[in-house]
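Data first, discussion second: the structure below is written as structure tokens.
The figures that follow rest on heavy atoms only: side chains count, while hydrogens, waters and symmetry mates do not. Chain naming here is simple, since letters A, B, ... match the order of the sequence lines and numbering starts at 1 in each.
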Number of protein chains: 2
Amino acid sequence: MSQKHSVVICDDHGIVREGIKQVLASNPALEVVGEAANGLEGLALISKLRPDVVVTDITMPEMNGIDMTRELTKEFPDIRVVILSVHSRKTFIMEALKAGARGYVLKDSAGEKLLDAVQAVLDGDSYLDSPVAGHIVDEFVKMPSASEPAAGGGGETLTDRERQILSLVVEGFSNKQIAEKLFLSPKTVDNHRAKIMSKLGRRDVIGLVKYALATGLVDPDTWGR
Amino acid sequence: MSQKHSVVICDDHGIVREGIKQVLASNPALEVVGEAANGLEGLALISKLRPDVVVTDITMPEMNGIDMTRELTKEFPDIRVVILSVHSRKTFIMEALKAGARGYVLKDSAGEKLLDAVQAVLDGDSYLDSPVAGHIVDEFVKMPSASEPAAGGGGETLTDRERQILSLVVEGFSNKQIAEKLFLSPKTVDNHRAKIMSKLGRRDVIGLVKYALATGLVDPDTWGR
DNA sequence: GGGTAAATGAGGTGGACACCTCATAGAGGG
DNA sequence: CCCTCTATGAGGTGTCCACCTCATTTACCC
């Protein structure tokens, strides 16, 4: 008899975490061992707790769910990630899967789908919500043998670090604040920033914000709070 | 004892509805009698079921939660409405209260607050989540006299010129470009800009962009590219 | 092992901007 | 008629940032 499978939940809204917890509770083989409100918190918690599965939102302050997933699967390839998001756009799904997520469920869907997804990734399978699966199929059909899709739309691909810093810039943090947050020199942040702008062909912060909103790096709905 | 109080839930995300239901289930005096995924559905359902309380999101397709509340309280003044939202902006809260909502809880908050809010409105009271209450207090403090503009730094009314310049700033134009466009001295634009920031209590361009998007000064859909 | 890319960091320069005071001129209200 | 609000403009100061070059370390790939 195998013991319970541990789950960590990441979402910036308390009510949503509550909902996920309650949904997962209906499967007695699952145990929620921790919760985090953003990607950075999540990473810290997960590397401490080493859960079997992580259920995470995409749009979160500090660090988004996709960047977190990317870090996570790099360091702990055994941990399965299920993305639970409001976004059904192809770019999100592609990014999430490339980052290493094995499950993708829309928040519109019933709780049962989340349970199925968690079960699937625990079995080593993948699970895509049906509207999501449709988009992915479209994508592969359209792709002949492309080398690099260069997701993010703009032109060049940003590195992990660059995306992370970009999202902090767009949140409104200054170079100095970002440097303190990430334990870097302000000069390093400046350099990353310059690289980002050169890659994206933008000349100011507003251009970066537009890029971030257009590509969904930040959520247009909750960003403007 | 009195019989159970009936509740209808409106939210466009299944998982969130699930969460709300589970939270409310911990109070045995409450019974969720129906769910809707948008305001129109909600209105139809509510006029059929006549629940004691409605718990609703703001952002929903077809009809948003505030418009729904307005219709609702006009037709059925006895039905209490609790808003459950991600938005902590004053404008949302004020609109919701003016529309007739008696409770306002942020999704960031713990589920317990929602239970308290539902209990409060059932008792005929009002309930405002603490960060929300803070904003409302700001609003009333600001009202009696505008003699102290610098102190609060809260939301004040912009003049036409200020709004015009703000929208150009948010579009990404520099002070110099705006000056040329409006046949002004760059210094004048700078002064307006300073006044705007002082009025809105923001310290950088990103703050201005957030304000403009949140208040609809620029169109979130077309702005991003 | 050499090439390439990413991440880190430093130096310097100029420009844009946030923040301050001050001044003037017109519109509107008591 | 004064008083306030708005719009216009100027002066100055300091900070942050965009843009440049250069250097080091790590890592991955052929």
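Residue-to-nucleotide proximity on DNA chain D shows that, of B/S185 and A/K187, the 5′-proximal contact is made by B/S185.
In terms of the side chain to side chain contact (heavy atoms under 4.5 Å, CB included) criterion, residue partners of A/E41 (sequence neighbours excluded) are, by chain and number, A/A36, A/A37, A/N38.
Taking atom CD1 of residue B/I178 and atom C1' of nucleotide D/dT8, one finds them 16 Å apart after rounding to whole Å. To the nearest angstrom, P of D/dC16 lies 19 Å from NE2 of A/H192. Going from atom CZ of B/R203 over to atom C1' of D/dT15 covers 14 Å, rounded to whole Å.
For the side-chain contact (heavy atoms from CB on, under 4.5 Å) with B/I196, the lone residue among B/N191, B/V169, B/L166 that qualifies is B/L166.
Using a 4.0 Å cut-off between charged side-chain N and carboxylate O, A/D67 and A/R70 make a salt bridge.
Within the 3.5 Å criterion, the main-chain N or O of A/D11 finds a donor-acceptor partner in the side chain of A/R17.
Residue A/D190 places a side-chain atom within donor-acceptor reach of the base of D/dC19, judged by atom type and a 3.5 Å distance cut-off alone.
Checking the phosphate oxygens (OP1, OP2) of D/dA18, no side-chain nitrogen or oxygen of A/R202 falls inside 4.0 Å.
Summary for the helix from C/dG1-D/dC30 to C/dG30-D/dC1: the axes at its two ends, each from 5 pairs, differ by 40° when rounded to the nearest 10 degrees.
A/K107 places a side-chain heavy atom less than 4.5 Å from the side chain of A/D57. Side-chain contact check for B/V54 versus B/M68: some heavy-atom pair is nearer than 4.5 Å.
Chain A approaches DNA chain C within less than 4.0 angstrom (heavy atoms of the protein), and the contacting nucleotides run 5' to 3' from C/dA6 to C/dG12.
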